[in-house]
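One structure below.
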Amino acid sequence: MKKALSISLLFGLFLCSAHSPAADVSTHAVGSMKILRIVDGENGVPVDKLNGDQNVIRKFVPSGFCPNLITSYVLQSPDGVVLIDSGFGDFEPSRMLQNFRQAGLQPDEVKTVVLPHLHADHIGGLMTGSRKVFRNASLHVNEVELAFWLDRNNSPKVPESMRFCFDAVEKLARLYGDQLKTFRDGEKVVPWLTPINVAGHTPGHTMFELNYDGQKRFIWADVIHCMDVQVRHPEISAVFDTDEKEAVRARIKALNLVADTDVPVFGGHFTDPGVGKFYKLPEGGYRFMPLE
C-alpha cells in the first residue's frame, strides 16, 4: 500500500473516499454495439494541481478538490471486442480487471486495445507483474506518443511527477513486443473508430470519434481532468500536462468539435454517469449535461 500511495502522490491524483462510489459497470447501446463503461477507481485532483486564474479556480472548486474517475471502455460488436484504456493496474489500487470479469468478459476475448496516450492510469492494467493481461490483443497508440515515451532524452520535458511513465512504457513495450503497434493522426485502427489529435496533455494524446450503425459518439481520455472548472473555463490547465498551453488549445478544439452537436461524449475522467453532451454558453465557456 505504501508503494501505491506514493505513486498517487507523485501522479497528483488522490483516492477520493469522501465521494459516493461510482457505478462500476454501465452499459450503453450504439446501434448493435454495446459500450461498457468500466470504472477502475474514484480519484480526484486537488486545486494546487491546477494552473490559471486562482480566483476562478476557487470560485468553481470551493472545496479545494475536484472528484474524478479512472475509466475504461469496452466496445462490443459483431466485429469483436475493443478495449480503450485499462486503468492503473499494479500502479495503484485498481478494480478495473475485477469489474471487467464481473461484466462477463475474459481478457483473452480482447483482440484490439486502443490507447489515447501512455500515462500509467491508462496502460497499467495491461500488465500484472511480469505478465501480459490481454495476451491475444494488438495494442495501438499514436506513433508520436510511443516514440516520445521510449526516448529517455525526453525526461526533462515531462513534469517530474510523471517521469515514472517512461519505466511503465518500456515495460509495456518489452512485454507486448510486436503486438504494440502505432497509428498516424486520423488513421483508423478499426473502420468505425477515427482518432483525432488533441496533443498537449501528452505529445500524441488522442480522442476518438465512433461511428457505428449510423450513430456517433466521442470518447475522450484526458481532455478534461476537473469537470467543475475546466468545462466553464477550459483555459485552466493541470500540472500533469506535458505542454499546458497546447493542452488548453486541444481542450478548446475538442469542446468546439462536440459542443451543440447533440452527440454524447464519454470521458475517461468524468464523474458519474461518465457520459453527456456539451453546449456553448453565450457568455463564454461551456456547460455539460450528463446523460443517465
Side-chain angles (χ1 to χ4, degrees), residues 1 3-28 35-46 49-50 65-75 83-103 105 107 110 113-128 133-134 139 141 159 161-162 164-165 168-169 172 198 201-202 205-208 219-228 230 238-241 247 265-276 290:
M1 181 63 185
K3 179 182 178 183
L5 181 59
S6 66
I7 290 176
S8 266
L9 291 171
L10 283 171
F11 203 70
L13 299 172
F14 294 74
L15 291 177
C16 183
S17 58
H19 296 271
S20 299
D24 277 358
V25 179
S26 54
T27 304
H28 307 262
I35 298 180
L36 275 65
R37 172 179 172 264
I38 300 180
V39 172
D40 184 57
E42 297 86 22
N43 285 24
V45 180
K49 303 299 180 184
L50 299 175
F65 188 86
C66 296
N68 71 23
L69 299 175
I70 307 295
T71 310
S72 300
Y73 293 95
V74 176
L75 313 180
L83 175 66
I84 297 180
D85 283 334
S86 67
F88 262 124
D90 291 346
F91 289 106
E92 176 78 24
S94 168
R95 60 180 190 266
M96 185 274 178
L97 189 57
Q98 171 189 336
N99 292 335
F100 181 90
R101 289 193 169 107
Q102 287 181 352
L105 298 162
V110 177
V113 178
V114 183
L115 297 166
H117 67 295
L118 296 177
H119 279 167
D121 57 325
H122 298 263
I123 67 171
L126 301 171
M127 309 169 279
T128 181
V133 172
F134 300 97
L139 279 50
V141 66
S161 63
M162 310 304 295
F164 74 100
C165 294
V169 174
L172 183 74
V198 282
H201 176 61
T202 62
H205 189 213
T206 303
M207 61 180 277
F208 297 95
I219 301 175
W220 285 0
D222 289 28
V223 174
I224 289 177
H225 291 94
C226 180
M227 297 289 287
D228 292 347
Q230 287 180 306
V239 298
F240 343 108
D241 296 329
V265 179
F266 291 88
H269 292 305
F270 291 4
T271 50
D272 261 354
V275 59

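This is a predicted model, so every value here is computed, not measured. By convention here, the first residue in the shown sequence is residue 1.
- Residue M96 comes nearest to I38 through the heavy atom pair O-CG2, 3.8 Å, listed as atom of the first residue, atom of the second, then distance.
- The shortest non-hydrogen separation linking F266 to I35 is CE1-CD1, 3.7 Å.
- Counting heavy atoms from C-beta on, the side chains of F270 and T71 never come closer than 4.5 Å.
- Residues L126 and L139 approach most closely at CD1-CD2, 3.7 Å, considering heavy atoms.
- Counting heavy atoms from C-beta outward, C165 and L118 have side chains that stay 4.5 Å or more apart.
- Screening R95, R37, Q102, Q98 against D24 for a side-chain hydrogen bond (donor to acceptor under 3.5 Å, both in side chains) leaves a single residue, R95.
- The two atoms that bring D85 and A221 nearest to each other are OD2-CB, 4.2 Å, heavy atoms only.
- Atom CG of residue L36 and atom OG of residue S26 lie 7.5 Å apart, to the nearest 0.5 angstrom.
- Evaluation of the ring pair (Phe, Tyr, Trp, His ring centres under 6.0 Å) rule for F134 yields F100 as partners, not counting sequence neighbours.
- Partners of A238 according to the side chain to side chain contact (heavy atoms under 4.5 Å, CB included) rule, which considers only residues two or more places apart in sequence or in another chain, are L50, H225, F240, D241.
- Note that OG1 of T206 is 12.5 Å distant from CD1 of I219, once rounded to the nearest 0.5 Å.
- When side chains are defined from C-beta on, H122 does not count as touching S72, because their heavy atoms never get closer than 4.5 Å.
- The line from CG of L115 to OG of S86 is 7.0 Å long, rounded to the nearest 0.5 Å.
- Remark: the backbone N or O of C66 is not paired with any side-chain donor or acceptor of D228 at under 3.5 angstrom.
- A pairwise comparison of heavy atoms in A120 and F91 identifies CB-CD1, 4.0 Å as the closest pair.
- Rounding to the nearest 0.5 Å places CG of N68 at 6.5 Å from CG of N43.
- Going from atom CG of D222 over to atom NE2 of H119 covers 7.5 Å, rounded to the nearest 0.5 Å.
- D40 places no side-chain N or O within 3.5 Å of a backbone atom of I70 that could act as its donor or acceptor partner.
- Side-chain contact between L172 and M127: present, with at least one pair of heavy atoms (C-beta onward) separated by less than 4.5 Å.
- Closest approach of L69 and H269 over heavy atoms only: O-ND1, 2.8 Å.
- With values rounded to the nearest 0.5 angstrom, E42 atom CD is found 11.0 Å from T271 atom OG1.
- In this structure, H205 has no side chain to side chain donor-acceptor pair (under 3.5 Å) partners at least two apart in sequence or on a different chain.
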